[in-house]
Structure formats: structure tokens, C-alpha cells
Q: 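Sharing a structure below in C-alpha cells format, with a few things to ask.
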2 protein chains.
Amino acid sequence: MIDIEKYKIAEKHMLDEDTIFNVSNLYKVFSDETRLKILNSLLSTELCVYDIAELLNMTHSSISHQLKILRDMKLVKARKDGKIAYYSLIDDHIEKIIKIGVEHINEL
Amino acid sequence: MIDIEKYKIAEKHMLDEDTIFNVSNLYKVFSDETRLKILNSLLSTELCVYDIAELLNMTHSSISHQLKILRDMKLVKARKDGKIAYYSLIDDHIEKIIKIGVEHINEL
DNA sequence: AATATATATGAATATATATTCATATGGAGA
DNA sequence: TCTCCATATGAATATATATTCATATATATT
């Protein structure tokens, strides 16, 4: 131990392991360009898999895999209309998180 | 194209590739448990490498590697006092980002 | 019923990266 | 100067994961 006072202050403010795990997992979602593009596009409107794939110029499979991750993380939900699945955002924090990120990089 | 109207709305709101790249890189920092713990501990006080390693119960090498990433991302800075390097946060957004993350997972 | 279409998903591959180990650097004290 | 000590860093390894490819499912259309 080099600086006991500072160590103790920091120790007191430590987050528990579960919180760290969950928050890091949340930000893992935003750390992938494809998922970030999907989430950002869903800020403006609901979209189907096909159109997201066109919009991002990627395969449907790839988009579908990422949407599954977003569903599992409870960030998006799907509304089925016949064979079309319209995806939309569940969570209010998504917009805030993207905005703070953009704000941050614009200040560099 | 399945739903032209929605497609066009989303197309208009697309972020440019650079922004997506930079924001996803920013959140990649927060997606690792070790870096998240380091950043969170630095919210309360500056800390040296040795004490961070003790606090997180990890090797100095590992912490040092992660601190380099945080330095390169301009999120932390080091103040040298003799052979001791005291690290502190550069950026205001770090606190907001951690808080929104914690808020989000607490609401699930 | 048969076919086409939109989406979902399992497995494989390729790539990224966190940690470890070995070693280097640079300051403090004997 | 020699040697501890705190930190930094390069290389190797192990692990995680994004995309691709093949295939499955489910609805719509003929």
C-alpha cells in the first residue's frame, strides 16, 4: 500500500462485482459499430430486419444475430406483422448514452 | 426495401462512419470490467498504479496495460511524484457514463 | 400444395484483445 | 555505484466475439 488515505477513499466507493459485470456488459453492446448503428437508426423510427440490413449495407444474417443480442439485453423489442419483424427501442437510456458518446468525441 | 418511409427517416438520422467508429471505441473502454473498475475508483480520488492493483487484486502489469489504453483514449492522466505515478480522470463524461449505466441496470 | 420471402439460428472461422511473463526504464536510498 | 522499487512495455497465449455460410422456420402468394 502506497497511499493509505487514497486507497481507503477509493475502497469505500468501489462498486460491487455484479454491478461492474452488468454495466460492462451494457457498454459492450455500444462498443460494436454494427449494434451502435442499429440502435442509432432505431432512435428515429421502428425498422424491419431487411431495411436495417439495406441501411447498413450488411447481410440479413449478421443484422439478425446482432438484433438477438440486443433483444437478450432488453434494449430492443420486435413487433411481428405477418412475416415482417419491426424492431424498436425498449429503453430510454439508449438515446442518452449515444448522445453523451457523441458529445464526448466532439469535444476532443 | 420494405418500408420506404421508415427507411428514409432512419437514413436521414444516420451518423457518419467516423462518429460511429469513435463512439464505439469510447464505449469499448467501458465494456471491460478492469477498466470500468479503474475509472470508477478514480472518480473518488487520484490513485497510483500500485494501489489500483491492490484495490482490484490484480497484477501491476495488467493495470499498467489498461492505464495505457485509458491514457491513449485521453480519459486519464498521470502526475509523476518521484517514481510514483498518480492517475486521475481527465474527462467529465466518465462520471455521467458510469452513472447512466448503473441507473440502467438497476431499473431492470 | 408448392414456392417465395423475411427472419432466425447453429457452427465454423477469423479477428480482436486481456492477461501473463519476461524484461526494461528510471528514480531513491544505502 | 549498486540495488531496490514503481511503473512501463513487448511478445505470447488464451479467450471472446462478429461475420459468414448453411439451414430452418414461418408467413404470404400463386
Side-chain angles (χ1 to χ4, degrees), chain A residues 1-4 6-7 17 20-22 24-39 41-42 46-73 75-88, chain B residues 1-4 6-7 17 20-22 24-39 41-42 46-73 75-88:
Chain A
M1 195 89 55
I2 284 168
D3 193 320
I4 277 206
K6 286 169 183 164
Y7 182 92
E17 282 294 331
I20 290 291
F21 179 77
N22 289 323
S24 68
N25 271 333
L26 172 67
Y27 284 121
K28 204 165 285 169
V29 172
F30 294 85
S31 75
D32 177 74
E33 296 185 56
T34 300
R35 285 191 297 262
L36 191 55
K37 285 179 190 171
I38 293 173
L39 291 174
S41 66
L42 294 178
E46 65 173 8
L47 287 167
C48 66
V49 180
Y50 190 97
D51 284 357
I52 296 174
E54 292 252 321
L55 198 62
L56 308 193
N57 196 30
M58 294 181 68
T59 65
H60 305 135
S61 177
S62 186
I63 299 301
S64 196
H65 276 293
Q66 295 306 330
L67 283 169
K68 173 160 177 47
I69 292 172
L70 295 175
R71 259 186 286 125
D72 291 348
M73 288 294 292
L75 295 176
V76 306
K77 62 177 184 292
R79 162 177 84 80
K80 273 267 188 175
D81 181 13
K83 56 185 168 186
I84 317 279
Y86 285 100
Y87 278 87
S88 57
Chain B
M1 196 86 55
I2 283 169
D3 193 319
I4 277 206
K6 285 169 183 165
Y7 182 93
E17 282 294 332
I20 290 290
F21 178 78
N22 290 323
S24 68
N25 271 333
L26 172 67
Y27 285 121
K28 203 165 286 169
V29 172
F30 294 84
S31 74
D32 176 74
E33 296 184 56
T34 301
R35 285 190 298 263
L36 192 54
K37 285 178 189 172
I38 293 174
L39 290 174
S41 66
L42 294 178
E46 66 174 8
L47 288 167
C48 66
V49 180
Y50 190 96
D51 285 357
I52 296 173
E54 292 254 320
L55 199 62
L56 308 194
N57 195 30
M58 293 181 68
T59 65
H60 306 135
S61 177
S62 187
I63 299 300
S64 197
H65 276 293
Q66 294 306 331
L67 283 170
K68 173 160 176 49
I69 292 173
L70 295 174
R71 261 186 284 127
D72 290 348
M73 288 294 292
L75 295 176
V76 306
K77 61 176 186 291
R79 163 178 85 79
K80 274 267 188 177
D81 181 14
K83 55 186 169 183
I84 316 280
Y86 285 100
Y87 278 88
S88 57

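Throughout, protein chains are lettered first and strands after them, A, B, ... in sequence-line order, and every chain is numbered starting at 1. The analysis underlying the following values was restricted to heavy atoms, covering all of them including side chains, and did not include hydrogens, waters or symmetry mates. Values in this document were obtained by computation on a predicted structure and should not be read as measured data.
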Q: At a cut-off of 3.5 Å, list every protein nitrogen or oxygen paired with a nitrogen or oxygen from nucleotides 16-22 of chain C, distance to 0.1 Å.
A:
| unit_1 | atom_1 | unit_2 | atom_2 | d |
| --- | --- | --- | --- | --- |
| C/dA18 | OP1 | B/R35 | NH2 | 3.2 |
| C/dA18 | OP2 | B/R35 | NH1 | 2.8 |
| C/dT19 | OP1 | B/T34 | OG1 | 2.7 |
| C/dT19 | OP2 | B/S62 | OG | 3.4 |
| C/dT19 | OP2 | B/Q66 | NE2 | 3.2 |
| C/dT20 | OP2 | B/T59 | OG1 | 3.4 |
| C/dT20 | O4 | B/H65 | NE2 | 3.1 |
| C/dC21 | N4 | B/S61 | OG | 2.7 |

Q: Between B/Y87 and D/dA6, is there a contact of a side-chain N or O with OP1 or OP2 at under 4.0 Å?
A: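 So the side-chain polar atoms of B/Y87 never come under 4.0 Å of the phosphate oxygens OP1 or OP2 of D/dA6.
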Q: Do the charged groups of A/E46 and A/K77 touch, with an N to O distance under 4.0 Å?
A: no
Q: Between atom CD1 in B/I52 and atom P in D/dA6, what is the gap in whole Å?
A: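 Distance, rounded to whole Å: 14 Å.
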Q: Given atom NZ of A/K83 and atom P of D/dT29, what is their separation to the nearest angstrom?
A: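 Rounding to the nearest Å, NZ of A/K83 and P of D/dT29 are 7 Å apart.
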Q: Among D/dT7, C/dT7, C/dT5, which is the nearest nucleotide to the side chain of B/V49?
A: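 Nearest listed nucleotide: D/dT7.
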Q: Without swapping roles, check the side chain of B/D81 against the backbone of B/Y86 for a donor-acceptor pair under 3.5 Å.
A: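 Checked: no pair found.
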Q: Is any NZ, NE, NH1 or NH2 atom of the basic residue among A/K37 and B/E17 found under 4.0 Å from an Asp or Glu carboxylate oxygen of the other?
A: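 Salt bridge flag = yes for B/E17 with A/K37.
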Q: In whole Å, I'd like the distance from the NZ atom of B/K68 to the P atom of D/dT7.
A: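 To the nearest whole Å, that distance equals 17 Å.
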Q: Consider side-chain contact (heavy atoms from CB on, under 4.5 Å). Of B/D72, B/I52, B/L75, which one does B/L67 pass it with?
A: B/I52
Q: Is there side-chain contact between A/F30 and A/L36, with heavy atoms separated by less than 4.5 Å?
A: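 The answer is yes, as the side chains (C-beta and beyond) meet within the 4.5 Å cut-off.
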Q: So what's D/dT1 paired with, Watson-Crick or G-U wobble, going by both distances under 3.5 Å?
A: C/dA30
Q: Between A/M1 and B/E54, what is the shortest heavy-atom contact and its length?
A: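 Heavy atoms of A/M1 and B/E54 come nearest at CE-OE1, 3.9 Å.
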Q: For the pair made of CG in A/D72 and C1' in C/dT9, what is the distance, rounded to whole Å?
A: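 One finds 12 Å between C1' of C/dT9 and CG of A/D72, rounded.
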Q: Just by modelled atom types, is the B/S61 backbone N or O under 3.5 Å from a matching donor or acceptor in the B/S64 side chain?
A: no
Q: Pick the nucleotide of DNA chain D nearest each of B/C48 and A/K80; which residue has the one closer to the 5' end?
A: B/C48
Q: Could you identify the nucleotide paired to D/dT30, looking across every strand shown and requiring Watson-Crick or G-U wobble geometry with both distances under 3.5 Å?
A: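 Its partner is C/dA1 (Watson-Crick or G-U wobble, both distances under 3.5 Å).
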Q: Please give, in whole Å, the distance from D/dA6 C1' to A/I2 CD1?
A: 6 Å
Q: Mind checking who C/dT9 pairs with, Watson-Crick or G-U wobble, both distances under 3.5 Å?
A: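 C/dT9 is paired, partner D/dA22.
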Q: Rounded to whole Å, how long is the line connecting atom NZ of B/K77 with atom C1' of D/dA8?
A: 20 Å
Q: Give the rounded distance in Å between these two atoms: CG of A/L67 and C1' of C/dT9.
A: 13 Å
Q: Measure the distance from CG on B/L47 to P on D/dT7 and round it to the nearest whole Å.
A: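 Distance check: B/L47 CG to D/dT7 P gives 11 Å.
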Q: Counting the atoms with a prime plus P, OP1 and OP2 as sugar-phosphate, which does A/Y86 contact under 4.0 Å by heavy atoms, base, sugar-phosphate, or nothing?
A: nothing
